[in-house]
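Working notes, beginning with the structure itself.
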Protein chains: 2
Amino acid sequence: MKVPPPLSKFVEIFSALPGIGPRQAIRLAFFFVEQGVAFENEVAKTILALKGIKTCRQCFYIHQNESGLCNICSDKNRNQNLIAIVEKETDLMSIENIGQFSGRYLILGDLKKTGVLETGQKLRLNSLKDWIRKEQDGKIEEIIVALNPSLQGELMTNLIAEEFKGLTGKISRLGRGIPSGGEIEFADEETLGSALKRRE
Amino acid sequence: MKVPPPLSKFVEIFSALPGIGPRQAIRLAFFFVEQGVAFENEVAKTILALKGIKTCRQCFYIHQNESGLCNICSDKNRNQNLIAIVEKETDLMSIENIGQFSGRYLILGDLKKTGVLETGQKLRLNSLKDWIRKEQDGKIEEIIVALNPSLQGELMTNLIAEEFKGLTGKISRLGRGIPSGGEIEFADEETLGSALKRRE
């Protein structure tokens with residue numbers, strides 16, 4: 001059944017957004033039409049207001065500063081010798097929220113299933129390498145590759161470790177083990193093995 | 001961790017959309033920022049273009065006609081004596097797509113878990129009653145209550161049947177049975193019972 005062009009355009013654009021499929025896109029379209037013009041205006045305004053947000057030229061997290069650096073990267077009290085490489089902004093936020101990490105970050109961007117680094121990801125890693133060479137005399141103390149403990153994450157962690165050889169004293173990854181509230185009975189072999197090895 | 005106000009506003013608005021939670025809203029926000037200004041402009045434009053779409057004053061489906069009626073309701077060849085009451089626009093589209101229904105529709109709007117008709121739904125049913133009284137001399141041939149065969153759908157079907165007593169010759173609902181490609185082994189008791197009773 002044919003739908004009016006503005007609706008099919010909406011479905012085309014929205015079903016290309018992460019996590020939204022064609023069924024949800026059409027559901028959203030009808031929802032917008034039903035809510036009416038004032039609502040449509042508000043949502044459009046909310047999207048356009050995002051224009052004021054930029055990404056940090058150092059770590060690629062968001063900010064609104066004139067300097068081009070996010071609040072974390074502009075904070076002189078952060079340890080410049082300790083860098084956590086994370087996949088997503090929300091991973092950075094989760095680590096920041098526990099308030100136990102004093103270094104700064106590099107956001108790599110979504111890991112692809114291909115298991116290889118994308119051009120944009122290589123550029124980000126290169127910008128970190130350049131910074132270590134120019135601003136840190138060619139070496140920092142530690143890089144924590146804080147990627148999800150999936151097969152992809154493992155592959156990427158090894159790739160990144162290889163890339164930063166010689167530029168960092170230490171390359172580490174997040175500890176594996178039974179999560180708080182988790183049950184030993186349901187832990188997979190690898191998790192349980194790691195938990196046993198890293199017992200404390 | 002605090003995020004810039006435009007981002008938290010975005011998350012607030014988007015997590016209130018149907019089927020989008022706070023986690024997906026923040027993911028979308030970062031996606032928009034990463035895509036940049038041109039993309040944000042395009043999405044906003046796409047939403048604002050929905051303004052041209054109206055809802056039919058008779059069946060509440062969408063349209064872009066000056067008359068206030070959708071393409072189905074303005075089609076003189078459709079059977080005015082046969083009305084299908086559906087829950088959602090997408091239900092109407094599914095029925096239209098099989099090309100076997102010659103009547104017109106009434107979209108009721110999302111059924112709520114409360115099992116009672118909402119004010120807006122009552123108004124829609126009343127507008128259909130008024131139309132039957134004024135335009136159809138007080139009686140049409142058949143109303144098909146085409147709601148999902150859930151507990152809610154059942155309740156609502158009975159409510160609606162009660163409402164239209166005397167205004168229609170017949171009240172029917174969609175046939176129950178084993179769906180094409182379905183397996184008898186996995187059919188629930190009610191479905192199997194209906195399939196047996198309505199064997200053809």
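Note that the coordinates shown come from a computational prediction; the quantities given were computed from them, not determined experimentally. Residue numbers begin at 1 in each chain, while the letters A, B, ... track the order of the sequences.
Both the backbone and the side chain of B/Phe10 come within less than 4.5 Å of a heavy atom in chain A. Only the side chain of B/Glu96 comes within contact range of chain A, with heavy atoms under 4.5 Å apart. For B/Ile47, the parts lying under 4.5 angstrom from a heavy atom of chain A are both the backbone and the side chain. Contacts of B/Ile95 with chain A are absent, with no heavy-atom separation under 4.5 Å from either backbone or side chain. For A/Ile62, the part lying under 4.5 angstrom from a heavy atom of chain B is the side chain only. Residue A/Phe60: no heavy atom, backbone or side chain, is found under 4.5 Å from chain B. Contacts between A/Ile107 and chain B at a heavy-atom distance below 4.5 Å are absent for every atom of the residue. Both the backbone and the side chain of A/Leu50 come within contact range of chain B, with heavy atoms under 4.5 Å apart.
In B/Ile98, the CD1 atom is crowded: over 12 heavy atoms of neighbouring residues, nucleotides or ligands sit closer than 6.0 Å. The number of heavy atoms from other shown groups lying within 6.0 Å of CZ (B/Arg27) does not exceed 12. No more than 12 heavy-atom neighbours from other residues, nucleotides or ligands sit within 6.0 angstrom of NZ on A/Lys45.
Your options are B/Gly99, B/Pro6, B/Gly52, and the one with the most heavy-atom pairs under 4.5 Å with chain A is B/Pro6. Counting heavy-atom pairs under 4.5 Å between each of B/Asn97, B/Thr55, B/Asp110 and chain A puts B/Asn97 at the top. Most heavy-atom pairs under 4.5 Å with chain A, from the set B/Ile53, B/Val43, B/Val3: that is B/Ile53.
Both A/Ile171 and A/Leu125 are members of a single hydrophobic cluster when ILVMFWY side chains are connected at heavy-atom separations under 4.5 Å. Hydrophobic clustering, with ILVMFWY side chains joined whenever heavy atoms are under 4.5 angstrom apart, keeps A/Leu192 apart from A/Leu174. Under the 4.5 Å side-chain heavy-atom criterion for ILVMFWY residues, a single connected hydrophobic cluster contains both A/Leu17 and A/Phe31. Note on B/Leu69 and B/Tyr105: separate hydrophobic clusters, where clusters join Ile, Leu, Val, Met, Phe, Trp and Tyr whose side-chain heavy atoms are under 4.5 Å apart, directly or indirectly. In the hydrophobic cluster analysis, where Ile, Leu, Val, Met, Phe, Trp and Tyr join through side-chain heavy atoms closer than 4.5 angstrom, B/Leu155 is grouped apart from B/Ile85.
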Exercise for review: Go through A/Met93 and B/Ile26 one step at a time and tell me if the side-chain contact (heavy atoms from CB on, under 4.5 Å) criterion holds.
Suggested key: CA-CA 11 Å; A/Met93 289 168 75; B/Ile26 190 134; 3.8 Å; yes
**Study point:** Intermediate values then yes/no, side-chain contact (heavy atoms from CB on, under 4.5 Å), A/Leu48 and B/Val37
**Key:** CA-CA 8 Å; A/Leu48 295 175; B/Val37 173; over 6 Å; no
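Residues B/Lys51 and A/Asn41 form a side-chain contact, since some pair of their non-hydrogen atoms from C-beta on lies under 4.5 Å apart. Residues A/Pro18 and B/Gln24 are not in side-chain contact: their nearest non-hydrogen atoms beyond the backbone lie 4.5 Å or more apart. For the pair B/Glu12/A/Thr46, no side-chain contact is recorded, criterion being any heavy-atom separation below 4.5 Å from C-beta on.
One finds a salt bridge joining A/Lys9 and B/Glu42 here, because a Lys/Arg side-chain nitrogen approaches an Asp/Glu carboxylate oxygen to under 4.0 Å.
Between the side chains of B/Lys2 and A/Asn71, no donor-acceptor pair of N or O atoms lies under 3.5 Å.
Below 30°, between 30° and 60°, or above 60°: for B/Tyr61 and A/Phe30 the angle between ring planes is between 30° and 60°, a tilted geometry.
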